Amino acid sequence: MPCPECAVPYALYDHGPERLWRHLDTMQFETVLKARVPRINCQQHGVKTVEVPWAGKNSRFTLMFEAFAIRVLEASATVKAAALLLRLDWHSLHQIMERAVKRGLDRRAMETVRRIGIDEKSFGHGQSYVTLMSDLEVGRVLEVVPERTKEACQELWQRLGQQQCRSVEAVAIDMWEPFLSATEAAASQAQIVHDKFHVSKHLNEAVDQVRRGENRQLSSEGQDSLTGTKYLWLRNPENWNQNQKNSSPTYATLDSRLPKPGKSRNCSASSGAAWTGRKLWRSSSAGTAGRVAVGSLRSKGLPGCSRLTSTIY
Ligand SMILES: [Zn+2]
């Protein structure tokens, strides 16, 4: 029998005191396994109880019972409800949960993760954030840490472990410098991918920022041509609803509401650039078109696009 510490095999030394393990119920009666487990006398580690195949180390429950308890927990609204169904005290159930998490993590340490997504999520009233790391291939959350900071992102990578960091081939991530630098430091071999959603989110913000600025300017001059056009700018003209189509049937109409670049100040020219950028980005899912679009925005010095342009290039 192998020593539980060093796996060197030894002959039987004696049997430990009697132990009990709760097993799955038999015909709704609580069922308990009872055994005196063999011990060996290891030269290096002394007298040790050998591992039993039906239970984890130091557990008072069989592995089959623990697996069942986890299923009950998953189906229950609260830990208390599960404990009641299983006729367990809260502490024992908590220990079963901890052992299950450890088994899961040990298993996961053997796997390789190739495609990772890192994203932020807000909860409560948008005041609190967490940062999540997911395995995109199987659609599973790997880790969650509080806050959305560079440190949070670094912690995610640390928890993944060095070996798994090296196995990552691609990371889908928001275009945000703290996330990017933490990711580049932890998995330098991985390709960084910005998905279309993230890019268009920043582009939308930039377009809206420009529209608001210009609207303020025009309003102060008594013009209201941009008032109420927020969603027209943010939407693909092909997706305008009937009302929007009636009020602004074509892009040309919307465009004509803008003061002409030559006549007015720079800001209207930049709004045109934002629009062009959006059209370009939409017209192709290829990164090249997006880069051209962003390049054109940057060359115009669009104020709202700094976050976008500084991270794409
Ligand atoms: Zn040993």
Side-chain angles (χ1 to χ4, degrees), residues 1-26 29-74 79 82-83 85-114 116 133-135 137-138 140-145 151 154-169 185-190:
M1 281 170 288
C3 165
E5 306 286 333
C6 60
V8 172
Y10 287 97
L12 174 72
Y13 174 71
D14 67 353
H15 287 88
E18 190 174 271
R19 283 185 59 191
L20 305 176
W21 294 267
R22 180 162 168 205
H23 188 50
L24 297 171
D25 289 359
T26 309
F29 291 106
E30 197 164 303
T31 305
V32 175
L33 292 187
K34 204 188 271 190
R36 287 183 63 191
V37 179
R39 299 199 291 186
I40 48 98
N41 190 1
C42 174
Q43 284 182 352
Q44 204 188 335
H45 301 101
V47 177
K48 290 278 171 191
T49 307
V50 302
E51 285 174 10
V52 294
W54 60 82
K57 202 179 168 188
N58 300 326
S59 172
R60 295 182 294 111
F61 306 94
T62 66
L63 287 168
M64 284 176 81
F65 180 86
E66 294 202 354
F68 176 68
I70 296 299
R71 299 287 298 273
V72 173
L73 261 171
E74 283 170 351
V79 177
L85 279 168
L86 292 159
R87 304 188 304 282
L88 279 176
D89 60 277
W90 188 88
H91 182 68
S92 301
L93 190 51
H94 196 73
Q95 284 185 327
I96 289 177
M97 269 167 22
E98 281 186 344
R99 280 193 292 269
V101 169
K102 189 176 177 304
R103 280 198 296 274
L105 290 176
D106 287 349
R107 236 185 350 258
R108 209 189 73 188
M110 312 298 290
E111 297 167 0
T112 53
V113 191
R114 296 191 308 139
I116 275 187
M133 176 182 270
S134 328
D135 180 343
E137 283 187 307
V138 293
R140 170 181 63 173
V141 174
L142 296 171
E143 297 285 353
V144 183
V145 292
E151 289 71 29
Q154 284 168 335
E155 200 185 330
L156 287 175
W157 285 109
Q158 264 166 22
R159 288 199 197 173
L160 192 66
Q162 272 194 1
Q163 199 184 333
Q164 283 182 315
C165 283
R166 280 197 293 272
S167 73
V168 176
E169 290 168 12
S188 54
Q189 81 290 347

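For ligands, and for the atoms within them, numbers begin at 1 and follow the listed sequence. Since the structure is predicted, the reported quantities are computational estimates derived from the model, not experimental observations.
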Kindly list each side-chain donor-acceptor pair under 3.5 angstrom involving residues 39-56, sequence neighbours excluded, with atom names and distances?
from : atom 1 : to  : atom 2 : distance (Å)
R39  : NE     : D14 : OD1    : 2.9
R39  : NH2    : D14 : OD2    : 3.0

Is it the case that more than 12 heavy atoms not belonging to M64 sit under 6.0 Å from its CE atom? no
Where the side chain of T26 meets the backbone of T31, is there a donor-acceptor pair that is under 3.5 Å apart? no
Please determine whether the number of non-hydrogen atoms from other residues, nucleotides or ligands lying under 6.0 Å from atom OH of Y10 exceeds 12. yes
Side chain to side chain donor-acceptor pair (under 3.5 Å) contacts in which one or both residues fall within residues 59-74, not counting sequence neighbours: H23-T62, S59-E66, S59-R99, R60-S92, E66-R99, E66-R103
Side chain to side chain donor-acceptor pair (under 3.5 Å) pairs, two or more places apart, involving residues 158-169: R114-E169, E143-R159, E155-R159
What are the protein N/O/S atoms, named by residue and atom, that sit under 2.8 Å from the Zn ion (ligand 1)? C3 SG, C6 SG, C42 SG, H45 ND1
